[in-house]
Amino acid sequence: SNPSGDRPVKKGNRRPIRLGVVGTIVPGLNAYLSYNETFSISRGLRFVRVGGIVTGADFLPDPGSSTKEGGIHLAMLDQRLNINASYYAISQTGRTGGGTSSFEPIVNLPDNTNTGVEFQITAAPTDNWFVVGSVTKASIQDVGGARSRDFAETLANFFTKYTFREGAAKGWGIGAGFNHYGDKVPATLPSGTAGPVRNYMIPAVTTFDATVSYGWDNWVFQFNGSNLADKLYVTRFGSSVLAVWVSTGRTWTLSTRYRW
């Protein structure tokens, strides 16, 4: 707040750093490292008494972030097998807390760092067969250091497809896969007749998909099925007893495209 209406000009220098390096360790194995900083200028002030003189020290720190990331890429078997693995750490800087009333001071908070690892593999065992899968494991925290709400810290997916390029089934393709979403802390606790359900976690869920396609000349026709088991699951809760968001049931989609 600035009840006096007077504030000095905020001055200063910021030099965000951006660095990156990519190198080949051995043929087929590459590695990279990167570092990046961002910030935004804060014009907010700490609590100032009515008629008080505002100084540069009363400005809140500039919020920002720093990101560190590193990973490797491995290509083998004449590019038929590709593996990517990476690690990242994102730190929130310039954080403050408090200040919800004139009686609660605004204090500086330590940097908050979210980390994660990602792993992806793509493979083409034959000219007709394609496989892709990935796993992400993250640690995401809120401003208080607790696990962030409405975020699944574990994600995984897998998909494989086989396309016939000769014979009586030439042009046909068939594929299947799954998606996994880890458990989540709900943004709002579910409520019942006895009130909110404490320590509730939205359970993890896995859904299965499939596809059938047919290519003819420049045309491709594709029939997809999502959530084949027609699984019903909660995605999030609202603040009232009946505010419950649920999944989309089994879905069929038919599409076509033309390649010029």
Side-chain angles (χ1 to χ4, degrees), residues 18 20-34 36 67 69-88 116-138 151-152 154-182 204-233 235-236 245-260:
R18 295 181 181 180
V21 60
V22 179
T24 299
I25 301 175
V26 295
L29 178 60
N30 299 319
Y32 73 92
L33 294 171
S34 67
N36 180 53
T67 303
E69 186 172 356
I72 60 171
H73 171 75
L74 176 63
M76 303 171 60
L77 305 176
D78 196 24
Q79 302 286 331
R80 286 188 177 274
L81 176 62
N82 292 273
I83 299 173
N84 293 286
S86 63
Y87 168 85
Y88 64 86
V117 292
E118 299 176 342
F119 179 82
Q120 183 184 60
I121 180 171
T122 58
T126 68
D127 292 339
N128 300 357
W129 186 16
F130 175 75
V131 179
V132 60
S134 68
V135 177
T136 300
K137 179 64 177 178
F151 283 99
T154 302
L155 301 172
N157 63 74
F158 173 83
F159 181 78
T160 183
K161 184 176 181 180
Y162 189 90
T163 302
F164 296 90
R165 303 188 185 281
E166 57 186 7
K170 181 179 179 181
W172 286 95
I174 184 170
F178 69 84
N179 292 285
H180 174 80
Y181 307 92
V205 63
T206 302
T207 61
F208 297 90
D209 306 325
T211 183
V212 176
S213 64
Y214 178 72
W216 173 73
D217 198 10
N218 290 337
W219 289 94
V220 177
F221 303 91
Q222 189 158 314
F223 183 62
N224 297 326
S226 302
N227 190 10
L228 295 179
D230 201 21
K231 187 173 293 186
L232 182 66
Y233 56 92
T235 60
R236 65 186 299 262
W245 281 258
V246 297
S247 60
T248 302
R250 184 188 299 116
T251 303
W252 304 107
T253 304
L254 178 63
S255 63
T256 182
R257 68 179 186 271
Y258 183 85
R259 294 175 294 188
W260 298 93

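Excluded from the calculations below are hydrogen atoms, water molecules and symmetry mates; all remaining heavy atoms, backbone and side chain alike, are included. Just so we're clear, the structure is a prediction, and the values are computed from it rather than from any experiment.
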Just list the side-chain donor-acceptor pairs under 3.5 Å for residues 118-126, sequence neighbours left out, or say none.
from: T126; atom 1: OG1; to: N128; atom 2: N; distance (Å): 3.2
from: T126; atom 1: OG1; to: W129; atom 2: N; distance (Å): 3.2

With the side chain counted from C-beta on, respond yes when N227 and T248 share a heavy-atom pair under 4.5 Å apart, and no when they do not.
no
By side-chain hydrogen bond (donor to acceptor under 3.5 Å, both in side chains), S247 pairs with (sequence neighbours left out) none
### Query
Near F158 CZ, under 6.0 Å, is it more than 12 heavy atoms from other residues, nucleotides or ligands?
yes
| So do the side chains of T211 and F159 get within less than 4.5 Å of each other, counting heavy atoms only? | yes
All heavy atoms of H180 vs all of T206, minimum pair found to be ND1-OG1, 2.8 Å
For Y162, the ring-ring contact (aromatic ring centres under 6.0 Å, His included) test, sequence neighbours excluded, returns F164
Please set out all donor-acceptor pairs under 3.5 angstrom arising from side-chain atoms of residues 24-31, sequence neighbours excluded.
from: T24; atom 1: OG1; to: N30; atom 2: OD1; distance (Å): 2.9

In this structure, CZ of F221 is separated from OG of S255 (nearest 0.5 Å) by 10.0 Å
Residues passing the side-chain hydrogen bond (donor to acceptor under 3.5 Å, both in side chains) test with Y32, sequence neighbours excluded, are E69
Intermediate values then yes/no, side-chain hydrogen bond (donor to acceptor under 3.5 Å, both in side chains), N218 and R259: CA-CA 5 Å; N218 290 337; R259 294 175 294 188; 5.5 Å; no
side-chain hydrogen bond (donor to acceptor under 3.5 Å, both in side chains) filter on K137, not counting sequence neighbours, yields T154
F223 meets the ring-ring contact (aromatic ring centres under 6.0 Å, His included) criterion, sequence neighbours left out, with W252
One should read off an interatomic distance between N82 CG and N84 CG, to the nearest 0.5 angstrom, of 7.0 Å
Sequence neighbours excluded, the answer for side chain to side chain contact (heavy atoms under 4.5 Å, CB included) partners of E166 is none
CG of D230 to OG1 of T251, rounded to nearest 0.5 Å, is 8.5 Å
Sorted by chain and number, sequence neighbours left out, side-chain hydrogen bond (donor to acceptor under 3.5 Å, both in side chains) with R257 holds for none
Under the criterion side-chain contact (heavy atoms from CB on, under 4.5 Å), I'd like the reasoning laid out for Y214 against V220: C-alpha separation, chi angles, the key distance, then a yes or no. CA-CA 6 Å; Y214 178 72; V220 177; over 6 Å; no
Between A152 and L155, the two heavy atoms sitting closest are CB-CD2, 4.1 Å
T235 side chain to W245 backbone, donor-acceptor under 3.5 Å
yes
Salt bridge (Lys or Arg N to Asp or Glu O under 4.0 Å) filter on R236, not counting sequence neighbours, yields D150
Scan the side chains in residues 168-179 for donor-acceptor partners under 3.5 Å anywhere in the protein, sequence neighbours excluded, and list what turns up.
from: N179; atom 1: ND2; to: D209; atom 2: OD2; distance (Å): 3.0

Sorted by chain and residue number, the salt bridge (Lys or Arg N to Asp or Glu O under 4.0 Å) partners of D127 (sequence neighbours excluded) come out as R80
